[in-house]
Amino acid sequence: MSEKELRRSMSVLPIGTVMKLTDLSARQIRYYEQQELILPERNEGNRRMYSLNDIDRLLEIKDYLDEGLNISGIKEVYKKQQMIEQEKKKNREKQLTDTDVRRILEDEFLHISGLMPPSSTLNNQKL
DNA sequence: ATTCTTACA
DNA sequence: TGTAAGGA
């Protein structure tokens with residue numbers, strides 16, 4: 001994870017600040033948590049601490065609500081987004097496999113043509 | 001002062 | 001969703 005992503009995911013904001021930043025009531029913010037639309041961390045004193053990503057998420061939720069979506073509808077949206085994320089993860093793995101195949105074919109070509117000894121081009125190629 | 005949970009004359 | 005109550 002990049003430093004930037006790390007900062008955005010750091011839970012450092014108390015609910016009072018989140019209320020001002022999102023213009024949502026504490027009631028609403030806690031309710032969305034119950035619905036698992038956000039999962040803020042808790043500090044030593046059981047106080048909810050939010051990250052900048054949580055802020056974005058809450059603003060996003062507010063927009064969806066204004067657009068007429070209900071809580072369950074928003075849940076479905078995020079559920080499908082998770083599905084897409086996992087699809088991309090699989091594709092990335094497949095992409096690396098293809099790259100590997102290309103390296104192997106390239107190596108085949110080089111020693112079949114007698115320019116290099118076998119496997120001399122496949123040294124420690126990390127996946 | 002702030003936030004937490006629970007409950008609803 | 002708002003708000004009150006009682007504790008941390």
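First the proteins, then the strands, lettered A, B, ... as listed; each starts at 1. What you see is a predicted model; the values in this text were computed from it and never measured.
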Run the side-chain hydrogen bond (donor to acceptor under 3.5 Å, both in side chains) test against Arg92(A) and tell me which residues pass, sequence neighbours left out.
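By the side-chain hydrogen bond (donor to acceptor under 3.5 Å, both in side chains) rule, Arg92(A) matches no residue at all.
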Quick one: list whatever passes side-chain hydrogen bond (donor to acceptor under 3.5 Å, both in side chains) with Asn46(A), sequence neighbours left out.
Arg42(A)
Is Arg57(A) close enough and on-axis enough to Tyr32(A), meaning under 6.0 Å and within 45°, for cation-pi?
no
Using a cut-off of under 3.5 Å, enumerate the N/O to N/O pairs linking the protein to nucleotides 3-8 of chain C.
{"unit_1": "dT3(C)", "atom_1": "O4", "unit_2": "Arg27(A)", "atom_2": "NE", "d": "3.2"}

Glu44(A): partners by side-chain contact (heavy atoms from CB on, under 4.5 Å), with sequence neighbours left out
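Applying side-chain contact (heavy atoms from CB on, under 4.5 Å) to Glu44(A) gives none.
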Give the rounded distance in Å between these two atoms: CE of Met19(A) and P of dT1(C).
13 Å
Separation of atom CG in Leu24(A) from atom P in dT1(C), rounded to whole Å
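Between P of dT1(C) and CG of Leu24(A): 8 Å.
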Using a 3.5 Å limit on both pairing distances, list the dot-bracket string of DNA chain B from the 5' end; Watson-Crick and G-U wobble pairs count, crossing pairs take [ ], interstrand pairs take |.
.|.|||||.
Asp54(A) side chain vs Ser51(A) backbone, donor-acceptor pair below 3.5 Å:
yes
Backbone N or O of Thr22(A) within a donor-acceptor pair of the Lys62(A) side chain at under 3.5 Å?
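Flag set: sc Lys62(A) to bb Thr22(A) pair under 3.5 Å.
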Can you confirm whether more than 12 heavy atoms, excluding those of Gln81(A), are under 6.0 Å from its CD atom?
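Atom CD in Gln81(A) is packed in, count exceeds 12.
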Within 6.0 Å of CG in Asn91(A), more than 12 heavy atoms from elsewhere:
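Above 12, so yes.
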Sub-4.5 Å side-chain heavy-atom contact between Glu33(A) and Ile29(A):
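Counting from C-beta outward, Glu33(A) and Ile29(A) never come under 4.5 Å.
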Any non-hydrogen side-chain atom of Leu52(A) less than 4.5 Å from a side-chain atom of Arg7(A)?
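No, too far: nothing below the 4.5 Å cut-off.
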Segment of DNA chain B, first to last nucleotide, that comes within the 4.0 Å heavy-atom reach of chain A
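The contacted stretch runs from dT2(B) to dT5(B).
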